[in-house]
Amino acid sequence: MATRWQVIPRTVPLCWLSLAAGVLLLVSSIITLATAATRIPVLEVIVAVVAVFLIVCAALGLAKPQLRNR
């Protein structure tokens, strides 16, 4: 039997929490990348990608309620 992953938060408060966490992570990554000396820290780029993923999933959960209840 296959296991399904739920990437869209199941409730509206969890969507808002994921959206806030994603925005905070993205802003933190942008600030760190902007103040980096010469090279780009790989971890900050990964954090930025995860933050965008959180923002997209939370926005989908808020925009389309039927996706939350699958």
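On a predicted model such as this, the values are computed, not experimentally measured, just so you know.
Following chains of ILVMFWY side-chain contacts shorter than 4.5 Å, one can reach Leu62 starting from Val7, so the two form part of one hydrophobic cluster. Residues Ile55 and Phe53 are members of one and the same hydrophobic cluster, defined by side-chain heavy-atom contacts under 4.5 angstrom among Ile, Leu, Val, Met, Phe, Trp and Tyr. Each of Val56 and Val50 belongs to its own hydrophobic cluster when Ile, Leu, Val, Met, Phe, Trp and Tyr are linked at side-chain heavy-atom distances under 4.5 angstrom.
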Can you list, pair by pair, the side-chain donor-acceptor contacts under 3.5 Å of residues 14-31, counting residues two or more places apart and other chains?
unit_1, atom_1, unit_2, atom_2, d
Ser18, OG, Leu14, O, 3.0
Ser29, OG, Leu25, O, 3.0
Ser29, OG, Glu44, OE1, 3.4

